[in-house]
Amino acid sequence: MPDTRTIRPYLEGLVAAAAKAAVAAGDLPDVAIPGAAIERPKDPANGDFASTLPLRLARAAMRPPLDIARAIVHHLPADPAIEPPAVAPPGFINFRLSQAFLQDQVEHIIAAGPAYADLQLGAGRSAQVEFVSANPTGPLHVGNGRGAAIGDALANALAAAGYRVEREYYINDAGTQTDNFAETLYARYQQLFGRDVPLPEDGYPGAYMVELAEEVRARHGDAFLRPPGEPMPPELGQLGIELMVGRIRKTLESFGVRYDRWYSEKSLYEPGGAYEQAMAILRDAGMLVERDGALWFASSELGEDKDNVVVRSDGRPTYYASDIAYHWDKFLRRGFDLVIDVWGADHHGHVSRLKTATKAVGADPEALQILLYQLVTLKRGGEVVRLSKRSGEIITLDELVEEVGADAARFFFLLRSPGAQMDFDLDLAVKQSSENPVYYVQYAHARLCSILERAREQGLTPDGGNVRLLTAPHELALIREMMQLADVIENVATRFEPQHLPHYAQDLATAFHAFNDAFKQQNDPSLKVITEDAELSRARLRLVLAARIALARVLGLMGMSAPERM
RNA sequence: GCCCCCGUAGCUCAGAGGACAGAGCAGACGCCUUCUAAGCGUUUGGCCGCAGGUUCGAAUCCUGCCGGGGGCGCCA
């Protein structure tokens, strides 16, 4: 018997075989049979699955689609997983899953447990998700939170889909911004010792730089102080970056994100490292040209609008050089089969040239997926909260987490498709009411747990429950909803659309609430999970257990907690 | 000027070339002697920005236009 994950290809197989049988029997003209095209009807009245094959065959077969549908159905064998299929205009074949099949899914889910809806799409291939990767020159802000939520959920979904996943944070610890950061830190540090020195022009005016300088002084006293006018000690910049990265790491941990690796940009430039190797490849291919004293990557020859500088005329490499070396490292040295970069939309101009460079160093540009997410606008009391990085007045991710909690923040970040600009309503996120979908979903999980707990108090457990007793409409509807999780994971992992997770979580919670409150609506106590009938109770407890597994799974994929009581 | 994203209900937004376009919130009307009312039920609300095209079939794909946002540095 097929299960949740395999039912769709199973039906495709049935339909394709029936179509071929119809051709063999002379009921259909001899035409090529494309994929059986099984989809889910929007309206449940049309069944659980539908094939549009007759519509697709109509032209080639030169027959009305309805006739084709009838011919195919005529050759479909009876199958225990489905009820007899129905033909519907203009040419659909509609399938309804059998009650027994639905009931069996409860056992399937319980047996799978926390691994429920795991897929084999990745087939053990490796995937790397690199996300946030904000410059360690300041605290993470709210926009970084969106990237964190998206990247982490995507990584979770890819892991569920059968990839070996690594999460990575790329630390920009080389380059101009780092120098500005170090100069600012040294200025603040000197100020602590009473020197009247100005901040550098392109420095970082935020108050956190003062804190950082104080931290350095508390730990190391005046060890980094140099006579006035002398250059700063380079170790101070290094230390500052380390302290800042430590803070970022802590912020992300409080957001529920843990990385497998923190990758240093600086390490690209070690002797014999990624930078040298990647540049050697480009040089050997004749793709590097010198002009105006700088070294350019001749990307225009590969279809880009223009060439781009990789080494400035003063000899320092650009971020683009770093990116090329970094992606050479990802693909050619570490050998990831799939690389996903999650970037803010303000970086969109780099997508094309990075893909071009990736191809030039010998990687498959198709294996590089760059997911762009649009800006976040904060709203409070219906008013837009203005952000200004220049003045240092930003709302940090720490502040957001403190105000609304990591769960709510992640849920709202995931709710919108990455490509859509989003408003983040601070008032709504923190509201503990029916207006807030975060609590709606978590509340469903808490009630599932509480039902199991109540039953246990009365000596009832799901053990030994017979799922064949699950026949009520709301019970079967809940099972149908639980079955969708595999599709959702596939969608997220193949299309890189994490917004399906929170939407599905809401649908699943709704199905549970409808099931759970059916007895009130119909004023029938026998519809409760825990009833006079112990056998029926045990069967429903199995359904509750399965629902808890499914809901906990989707909450986990979103990086949210699954509270047992609220 | 060129490039990217968005335009769907009053608001915030889902929508996988298929059937009558959905959800939440807001609005209206019901349901607490309850396995947690952070819940449930009923209901109001749509030229899917506009105009063409492709297709048996378009909110979805293509072209053009309009509107909103972002980007086009030897910054990252």
Side-chain angles (χ1 to χ4, degrees), chain A residues 37 39-43 45-46 50 52 55-56 58-59 64-65 88-92 94 133-135 137 172 175-178 180 202 265 292-296 305-306 308-314 316-320 322-323 344-352 372-375 377 379 382 412 415-423 425 428 431-444 446-447 450-455 457-458 487 490-491 495 497 499-500 502-503 506-507 509-510 513-514 516-523 525 528-531 537 540 544 565-566:
Chain A
E39 50 195 55
R40 287 184 187 275
K42 251 181 284 186
D43 186 349
N46 291 322
T52 54
L55 290 162
R56 289 163 206 268
R59 168 168 284 207
F92 294 100
N94 291 335
S133 300
N135 273 350
T137 53
N172 296 109
T176 314
Q177 299 306 324
T178 307
N180 293 339
D202 294 319
E265 178 185 7
D292 304 332
L295 194 62
W296 301 68
D305 291 347
K306 54 185 180 181
N308 295 97
V309 173
V310 286
V311 182
R312 300 179 181 90
S313 45
D314 64 6
R316 292 178 309 144
T318 62
Y319 78 92
Y320 186 42
S322 290
D323 270 356
D346 52 340
H347 289 69
H348 96 262
H350 309 160
V351 171
S352 176
L372 298 174
Y373 62 89
Q374 299 288 323
L375 299 184
T377 307
K379 279 197 173 166
F412 280 103
L415 200 52
R416 304 304 172 218
S417 75
Q421 290 162 33
M422 71 172 283
D423 289 335
D425 188 332
L428 175 58
K431 216 178 239 180
Q432 302 199 1
S433 76
S434 59
E435 292 168 53
N436 192 331
V438 176
Y439 295 104
Y440 181 79
V441 174
Q442 291 187 322
Y443 179 60
R447 285 181 78 174
S450 120
I451 291 169
L452 289 164
E453 180 58 33
R454 275 299 169 91
E457 286 166 7
Q458 300 180 28
D487 274 7
E490 178 175 347
N491 229 347
R495 303 163 62 92
E497 294 177 349
Q499 73 272 20
H500 298 302
H503 284 109
Q506 290 183 86
D507 290 345
T510 298
H513 284 307
N516 198 43
D517 288 330
F519 81 93
K520 287 184 205 168
Q521 206 54 42
Q522 296 172 34
N523 199 15
K528 285 188 174 187
V529 173
I530 304 167
T531 66
S537 298
R540 287 183 179 153
V544 166
R565 57 180 60 86
M566 289 172 70

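Proteins get letters first, then strands, A, B, ... in listed order; numbering begins at 1 in each.
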(Q) Quick check, does F92(A) stack with rA19(B)? I mean ring centres under 5.5 Å and planes off by under 30°. (A) yes
Q | Listed nucleotide nearest any side-chain atom of T52(A), set rA19(B), rC20(B), rG18(B) | A | rG18(B)
Q | Side chain of D346(A) (C-beta onward), nearest among rA76(B), rA38(B), rG71(B) | A | rG71(B)
Q) Looking across every strand, which nucleic acid part, if any, lies under 4.0 Å from D292(A) by heavy atom: base, sugar-phosphate, or nothing? A) base
(Q) Using atom P in both nucleotides, what's the gap between rG53(B) and rG7(B) to the nearest angstrom? (A) 24 Å
Q. Is there a side-chain polar atom (N or O) of K306(A) under 4.0 Å from OP1 or OP2 of rG73(B)?
A. yes
**Q.** With sequence neighbours excluded, residues passing ring pair (Phe, Tyr, Trp, His ring centres under 6.0 Å) with H513(A)
**A.** Y440(A), Y443(A)
Q: Report which part of the nucleic acid T176(A) touches: base, sugar-phosphate, or nothing (heavy-atom distance under 4.0 Å, all strands).
A: sugar-phosphate
(Q) At 4.0 Å (heavy atoms only), tell me whether A444(A) reaches a base, stays on the sugar-phosphate, or touches nothing. (A) nothing
Q) Got a donor-acceptor pair under 3.5 Å from the side chain of N516(A) to the base of rC35(B)? A) yes
Q: Considering just the side-chain nitrogens and oxygens of S450(A), establish if one lies under 4.0 Å of OP1 or OP2 belonging to rU36(B).
A: yes
Q) If you check every side-chain atom of L375(A), which of rG39(B), rC75(B), rG70(B) has the closest atom? A) rG70(B)
Q. Which residues pass the ring pair (Phe, Tyr, Trp, His ring centres under 6.0 Å) test with H500(A), sequence neighbours left out?
A. none
Pairs under 3.5 Å (N/O, protein and nucleotides 27-29 of chain B):
none

Q. Checking all strands, does N46(A) fall into the base, sugar-phosphate, or nothing category for heavy-atom contacts under 4.0 angstrom?
A. base
Q. Under the ring pair (Phe, Tyr, Trp, His ring centres under 6.0 Å) test, which residues partner F519(A), sequence neighbours left out?
A. none
**Q.** Inter-nucleotide P distance (rG41(B), rG57(B)), Å rounded
**A.** 38 Å
**Q.** Pair of N/O donor and acceptor under 3.5 Å linking rA76(B) base with D323(A) side chain
**A.** no
Q. Can you list the stems that RNA chain B is part of, where a stem is at least 3 pairs in a row, each Watson-Crick or G-U, with both distances below 3.5 Å?
A. B:1-7 with B:66-72, B:10-13 with B:22-25, B:27-31 with B:39-43, B:49-53 with B:61-65
Q.
Can you measure D202(A) atom CG to rC75(B) atom P for me and round it to whole angstrom units?
A. 11 Å
Q.
Using every non-hydrogen atom in the two residues, find where N94(A) and A88(A) come nearest and quote the distance to one decimal.
A. ND2-CB, 3.6 Å
Q | Base-contact (B) and sugar-phosphate-only (S) positions in nucleotides 12-17 of chain B, heavy-atom cut-off under 4.0 Å, - elsewhere | A | BSSSB-
Q: Scan N523(A) against the nucleic acid and name what it touches under 4.0 Å (heavy atoms): base, sugar-phosphate only, or nothing.
A: nothing
Q | Check: rG71(B) base within 3.5 Å donor-acceptor of H348(A) side chain | A | no
Q | Close side-chain approach of D202(A) and T176(A), heavy atoms under 4.5 Å | A | no
